[in-house]
Engineer: 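One structure follows; several queries about it will come next.
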Amino acid sequence: MSPASSSPTPRRAWRLALVVLAIFAGALRFWHLERVGISHYDAGPYTGGILGVGPYGKHVLVPFHAPHLVPWMHALVFALWGLSETALAFVHAAIGTAAVVGVAAWGARWVGRGPAWIGAAALAGMEYHVVYSRQPITDGVFAAFFLASIAALDHAARRGSSWRWALGGLLVGATFLVKYHGFFPLVVIAAWFVARSLPGLVRARRSTRPNVAAWRGLVLAALVSAGPAAYMLWEIHVDIGFEAFSEHRAKWMAKPALYVLPQTGLFVARALGAWTSVLVLGCALVGLVRFVCRRRSGDVLLLLWIAVFAGTMPLYINYPRLLVPLLAPVCLAAGAGAWWLVGHTRRTPLAAACCGVALAVAGAIETSDVLRTSDRGYHDAAAWLVDQGPSELPDLLVTQHSIVFPLRDAVAPFLMSTEDGALGHARRGEFRFLVCDLRELAARELVAAAHAHGLVQVARFENPMPPPFVVNVAGFERLAHARTGDEHLGEILSTLRVFARP
């Protein structure tokens with residue numbers, strides 16, 4: 001089932017290669033973590049939300065954003081190391097590093113050791129993956145758990161014991177507790193079983209058709225995974241109700257239309273092109289063509305992995321984080337493409353090392369700008385607001401929920417722009433400060449109502465967030481306009497400004 005012919009590396013050398021890979025991946029993800037602040041919108045509910053800060057202390061809101069596993073993980077970090085943003089970033093960087101090593105170790109089953117190591121090296125240096133491995137949000141964790149679930153289910157299919165299937169099911173359940181589409185590994189493996197059952201679709205020297213025991217094992221895994229899923233669904237029913245949950249989720253769903261398909265395709269191309277090196281993308285395209293033509297069992301598994309996510313992306317509003325689970329199979333395709341381009345006579349461990357280093361360095365060069373930048377603007381702005389002391393008036397915030405956790409020590413009340421009543425406070429002038437960032441673009445009415453009271457700027461903080469986080473709110477077009485000389489837009493996207501009445 002795995003192409004052993006492309007795996008000539010001795011076991012000891014292979015282990016050393018994994019260690020080198022872990023060191024390189026970790027070096028990028030742990031680089032100056034003290035400079036990393038909470039800057040992604042979704043980090044608000046996963047940090048301040050579990051502490052009941054701000055709007056999260058008034059209503060049960062966290063399940064609207066994601067299931068409980070990542071908030072639980074953050075609560076454990078707080079219990080062990082205190083309320084530290086750096087400690088959170090450290091844990092997520094460790095998970096991201098482990099995912100890179102997992103791509104090499106588990107990917108070797110599907111495409112061979114040489115291509116898997118090359119692909120993992122590409123992932124290690126990829127800006128896209130590094131950025132999401134340094135922020136306390138769900139996406140890097142989800143991608144790691146998804147990879148582990150696929151690997152565990154594949155291992156159970158190869159070895160065929162009930163406890164292995166049960167372990168795979170537990171991992172799928174844990175993946176569901178990270179994101180609500182965490183059941184996708186079961187879909188991928190079921191589709192893989194069907195593909196292997198169809199004559200001629202999967203090419204192999206011997207039959208790869210799954211037997212009855214394999215299907216029974218998959219059912220067992222699904223039943224085991226249903227336990228954590230049922231728990232989370234019960235929590236939703238008790239805390240917020242399915243009607244409110246469905247209404248909230250519907251806000252992020254794309255409206256059905258034919259134009260959504262090319263729109264999603266263009267977004268995927270722009271996102272991968274922006275934060276993935278051209279060298280990796282070129283090799284990935286070669287590798288995907290190779291997968292389609294070769295159609296080994298592992299090739300088909302990776303193609304189905306990509307297809308499941310690509311096929312469901314048009315159902316959701318386009319955000320850069322949705323592509324994070326796809327980076328692993330894309331990089332394995334890049335490894336397979338580079339391995340094929342090396343040529344039959346040069347496929348050696350040294351060739352794999354050289355290809356991997358080339359792809360890793362190409363990505364690391366593009367990642368260097370992010371690593372040199374400090375994105376602690378929300379932390380600094382929150383510290384300034386806390387220093388202003390108590391007040392009967394709220395600090396009216398037009399901002400991402402990134403600022404919620406840094407405001408945990410605030411004694412003055414504060415309102416987020418998304419809360420009920422915020423617009424009324426703005427119109428009546430019932431606020432002390434107005435804090436504006438790139439979220440201002442989505443709250444123009446509130447900002448205009450507040451500025452009608454003749455506000456003046458009283459503080460300003462640099463807030464250069466990673467580009468994927470800017471695109472998450474502002475989109476590619478606004479980011480491009482800011483970079484080409486629109487100074488006003490550039491200030492909105494890269495600074496936090498605090499306004500007050502004269």
Side-chain angles (χ1 to χ4, degrees), residues 45-46 50 60 62-73 75-76 95 99 102 106 138-197 210-250 252-253 301 304-305 307-309 311-313 315-316 322 324-325 328:
Y46 310 142
I50 60 174
V60 178
V62 175
F64 285 123
H65 299 274
H68 290 336
L69 186 58
V70 169
W72 283 343
M73 183 177 73
L76 178 61
I95 292 173
W106 295 323
T138 56
D139 303 284
V141 180
F142 179 73
F145 275 53
F146 195 96
L147 171 67
S149 297
I150 291 288
L153 294 173
D154 172 40
H155 185 67
R158 294 168 186 265
R159 297 298 180 90
S161 62
S162 297
W163 72 267
R164 289 188 176 93
W165 282 112
L167 176 60
L170 284 175
L171 282 170
V172 173
T175 307
F176 182 87
L177 288 179
V178 178
K179 280 184 174 289
Y180 290 115
H181 55 301
F183 62 89
F184 274 10
L186 295 172
V187 177
V188 172
I189 296 298
W192 186 47
F193 279 8
V194 171
R196 288 163 54 191
S197 300
N211 55 28
V212 174
W215 282 105
R216 287 176 178 170
L218 186 59
V219 171
L220 173 61
L223 291 174
V224 171
S225 71
Y231 162 78
M232 191 63 229
L233 294 176
W234 176 255
E235 287 284 305
I236 292 172
H237 168 68
V238 171
D239 291 339
I240 56 181
F242 285 114
E243 183 177 356
F245 178 78
S246 299
E247 289 177 358
H248 185 272
R249 302 299 293 181
W252 314 114
M253 305 300 288
L301 174 63
L304 290 170
W305 182 341
V308 166
F309 279 97
T312 54
M313 276 193 66
L315 304 177
Y316 208 77
L322 298 180
V324 176

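Because only heavy atoms are used, hydrogens play no part in the values below, and waters and symmetry mates are left out as well, while side chains stay in.
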Engineer: At their closest point, which heavy atom of Pro71 faces which heavy atom of Ile50, and how far apart are they?
Structural biologist: CB-CG2, 3.1 Å
Engineer: Can you name the side chain to side chain contact (heavy atoms under 4.5 Å, CB included) partners of Pro228, sequence neighbours left out?
Structural biologist: Leu177
Engineer: Does Thr312 reach the side chain of His181, with side-chain heavy atoms less than 4.5 Å apart?
Structural biologist: no
Engineer: Hey, are the side chains of Leu170 and Ser225 touching, using non-hydrogen atoms and a 4.5 Å cut-off?
Structural biologist: no
Engineer: List for me each residue that meets side chain to side chain contact (heavy atoms under 4.5 Å, CB included) alongside Ala328, sequence neighbours excluded, and say none if there are none.
Structural biologist: Val103, Trp305
Engineer: Under a 4.5 Å cut-off applied to non-hydrogen side-chain atoms, are Ile189 and Leu304 in contact?
Structural biologist: no
Engineer: According to side-chain hydrogen bond (donor to acceptor under 3.5 Å, both in side chains), does anything in residues 168-179 pair up with another residue at least two apart or in another chain? List the pairs.
Structural biologist: Thr138-Lys179, Asp139-Lys179, Ser149-Thr175
Engineer: What residues form a side chain to side chain contact (heavy atoms under 4.5 Å, CB included) with Arg216, not counting sequence neighbours?
Structural biologist: Val212
Engineer: Between Val70 and Phe142, is the side-chain contact (heavy atoms from CB on, under 4.5 Å) condition met? List the steps.
Structural biologist: CA-CA 9 Å; Val70 169; Phe142 179 73; over 6 Å; no
Engineer: Please enumerate all residues that pass side-chain hydrogen bond (donor to acceptor under 3.5 Å, both in side chains) together with Trp163, with sequence neighbours excluded.
Structural biologist: Ser161
Engineer: Using the ring of each side chain (for Trp, its six-membered ring), is Tyr180 parallel, tilted or perpendicular to Phe176, with breaks at 30° and 60°?
Structural biologist: perpendicular
Engineer: Decide yes or no for Tyr316 and Leu322: does some side-chain heavy atom of the first lie under 4.5 Å from some side-chain heavy atom of the second?
Structural biologist: yes
Engineer: Closest heavy-atom contact between Ala99 and Leu147?
Structural biologist: O-CD2, 3.6 Å
Engineer: Apply ring-ring contact (aromatic ring centres under 6.0 Å, His included) to Phe193 and list each qualifying residue two or more places apart in sequence or on a separate chain.
Structural biologist: Trp215
Engineer: Is there side-chain contact between Ile150 and Trp106, with at least one heavy-atom pair below 4.5 Å?
Structural biologist: no
Engineer: What pairs of residues pass the salt bridge (Lys or Arg N to Asp or Glu O under 4.0 Å) test when at least one of them lies in residues 217-234, not counting sequence neighbours?
Structural biologist: none
Engineer: Which atom pair, heavy atoms only, marks the closest approach of Val172 to Pro185?
Structural biologist: CG2-CB, 4.0 Å
Engineer: Not counting sequence neighbours, which residues clear side-chain hydrogen bond (donor to acceptor under 3.5 Å, both in side chains) with His155? List them please.
Structural biologist: Arg164
Engineer: Name each donor-acceptor pair under 3.5 Å that joins a side chain in residues 235-248 to protein atoms two or more places apart or in another chain, with its distance.
Structural biologist:
unit_1	atom_1	unit_2	atom_2	d
Ser246	OG	Phe242	O	2.8

Engineer: Within the supplied structure, the quantity of interest is the number of heavy atoms (other residues, nucleotides, ligands) at a distance under 6.0 Å from Arg249 CZ; does it exceed 12?
Structural biologist: yes
Engineer: Determine whether the aromatic ring centres of Phe309 and Phe184 lie less than 6.0 Å apart.
Structural biologist: yes
Engineer: Is there side-chain contact between Met232 and Leu69, with heavy atoms separated by less than 4.5 Å?
Structural biologist: no
Engineer: In chain order, what residues pass the ring-ring contact (aromatic ring centres under 6.0 Å, His included) check against His68, with sequence neighbours excluded?
Structural biologist: Trp72
Engineer: Just to verify, what does Ala221 make a side chain to side chain contact (heavy atoms under 4.5 Å, CB included) with, not counting sequence neighbours?
Structural biologist: Leu153, Trp165, Leu186
Engineer: Identify the heavy atoms of Ala214 and Pro210 that sit nearest to each other, and give their distance.
Structural biologist: CB-CB, 4.0 Å
